[in-house]
Amino acid sequence: MSFVETYIRLVDYSVFALNSLIRVYSKSSTPEKIFDFYKRIVKSNHKPDNYTFTFLIKSAAQLVDKNLGFAVHGTALKYALDQDPHVQSGLINLYAEMGSLRDLKDLFFNINNPDLVTQTTMVVACARLGDIKFARRPRCDCLERNDSWVNDATMVSVLSACTQLSALDAGQRAHRYIKYKKLQINTTLGSALVNMYAKCGDINTAMNVFGGMKEKNVYTWSGAMGGLAMHGYGKECLDLFTLMQQENITPNEVTFTSILKACSVAGLVEEGWKHFESMTKEYEIVPKLEHYGCMVDLYGRLGRLDETLRFIQSMPCAPNAEG
């Protein structure tokens, strides 16, 4: 047992801190370790929440273990979190990864009033498993191709579902459909396209879309920066932040998530800490769980375990686990 694991066993962490560790390990090469932190939550007087289960489900999908997947789903039911939209989309993705089409359908038909994103996620998941016919059933009539349905808001939801499932082919078809319908690429739709391409692995097309947009807002810039950081272009992300500042665009909490990820990728601890502090000092932005998680990841990547543990201990207890 490592020093970190031994230390963690001795410290009484809050759900906030444990969720942060769960997030970090869900992105590591050993996602199965997050279940140890989940057990810590259960054994304490705390209660796991939808944020906890979002990453539990994600890790179960990575491990592609059917027994584990069923267990996670059952536990989500136990805590009455199965009707949470984020948990629902995660479970759909889980069953898609497991290749369990029958269980996927059972899950979907037990969802009360699924929202558009959940329905779109289901359609993309069925398409991935080769069941196009099911995707066209009346329950998924939100995706019927007619002019009264197609608008920029709907296509943003479709792109969001493609992003969640890393369905690049479906996202490309959606992009072609946007062009076919001659929908205006406004800041919202453009940002969704940039985000979809970046998170589905095509950073070049993401940046081409970004460069071709006539108008960009803080979310567009932040999405492009986050995409660069995700693909290992930490320096390029920070350079883009400099350009954003030159355009007099005020950064928000999403921007700083991208910046801190970039510092983590580039191994820039001091610069990361400088940006983390500037959130409150310069922009009056209260750091959330995501930002603390990025800092934990930054220290952890460089093997600075003592600093990682001290930072986790200094994390405030948020009003709720999502910060």
Side-chain angles (χ1 to χ4, degrees), residues 85-86 89-90 92-93 96 115-128 135 140 142-234 236-241 243-244 247 249-259 261-262 265 290:
H86 297 291
S89 294
I92 289 172
N93 184 42
D115 62 16
L116 182 59
V117 173
T118 302
Q119 293 193 52
T120 307
T121 304
M122 179 62 181
V123 170
V124 175
C126 285
R128 284 178 61 190
C140 297
C142 65
L143 295 177
E144 289 295 328
R145 293 188 175 186
N146 57 66
D147 293 335
S148 64
W149 171 76
V150 177
N151 55 43
D152 59 338
T154 307
M155 293 311 297
V156 167
S157 296
V158 171
L159 290 169
S160 175
C162 294
T163 302
Q164 290 178 357
L165 291 173
S166 298
L168 180 59
D169 289 345
Q172 290 171 329
R173 289 197 295 271
H175 192 184
R176 289 194 293 269
Y177 194 64
I178 289 168
K179 292 178 179 178
Y180 172 73
K181 283 295 183 179
K182 298 180 180 179
L183 295 179
Q184 181 182 0
I185 305 296
N186 55 26
T187 53
T188 304
L189 186 54
S191 298
L193 280 167
V194 170
N195 193 45
M196 184 277 294
Y197 277 114
K199 291 187 176 179
C200 289
D202 191 347
I203 187 60
N204 291 328
T205 303
M207 297 311 296
N208 286 337
V209 172
F210 175 80
M213 292 176 62
K214 295 180 180 179
E215 295 183 10
K216 304 178 181 73
N217 61 15
V218 64
Y219 294 102
T220 316
W221 285 90
S222 301
M225 289 164 54
L228 287 169
M230 179 189 306
H231 288 272
Y233 298 106
E236 289 78 1
C237 173
L238 296 173
D239 289 342
L240 196 62
F241 178 54
L243 291 176
M244 174 181 160
E247 293 291 328
I249 304 292
T250 303
N252 64 8
E253 59 189 41
V254 179
T255 313
F256 278 102
T257 298
S258 300
I259 293 170
K261 286 180 179 178
V265 167
E290 185 75 9

Heavy-atom closest pair, residues [X] and [Y]:
X      : Y      : answer
Ala262 : Cys237 : CB-SG, 3.5 Å
Leu240 : Ala224 : CD2-CB, 3.8 Å
Ser258 : Ser222 : OG-O, 2.9 Å

Tell me, please, which residues at least two apart from [X] pass side chain to side chain donor-acceptor pair (under 3.5 Å).
X      : value
Glu253 : Lys288
Thr205 : Asp202
Asn252 : Thr255
Thr163 : none

Could you list the donor-acceptor pairs under 3.5 angstrom formed by side chains in residues 206-216, with sequence neighbours left out?
unit_1	atom_1	unit_2	atom_2	d
Asn208	ND2	Asn204	O	3.3
Lys216	NZ	Phe210	O	3.4
Lys216	NZ	Met213	O	3.1

From [X] atom [atom1] to [Y] atom [atom2], the distance as rounded to the nearest 0.5 Å:
X      : Y      : atom1 : atom2 : value
Arg173 : Ile178 : CZ    : CD1   : 13.0 Å
Lys261 : Leu228 : NZ    : CG    : 12.5 Å
Met155 : Cys162 : CE    : SG    : 8.0 Å
Asn217 : Met244 : CG    : CE    : 9.0 Å

Acceptor/donor pairs from residues 192-201 side chains to any protein atom, 3.5 angstrom cut, sequence neighbours excluded:
unit_1	atom_1	unit_2	atom_2	d
Tyr197	OH	His175	ND1	2.8

Practice problem: Check ring-ring contact (aromatic ring centres under 6.0 Å, His included) between Phe241 and all other residues, then give those that pass, not counting sequence neighbours. | Solution: His275
Tell me every residue that passes side chain to side chain contact (heavy atoms under 4.5 Å, CB included) with [X], counting only those two or more places apart in sequence or in another chain.
X      : result
Ser166 : none
Ala125 : Ile92, Ala96, Leu104, Leu165
Asp239 : Lys235

I want to check something: taking the side chain as every heavy atom from C-beta on, are [X] and [Y] in contact at a cut-off of under 4.5 Å?
X      : Y      : result
Asp169 : Gln172 : yes
Ile259 : Leu238 : yes
Val254 : Val218 : no

Quiz item: Would a distance-only check, ignoring hydrogens and angles, find a side-chain to backbone donor-acceptor pair under 3.5 Å from Ser191 to Thr187?
Solution: yes
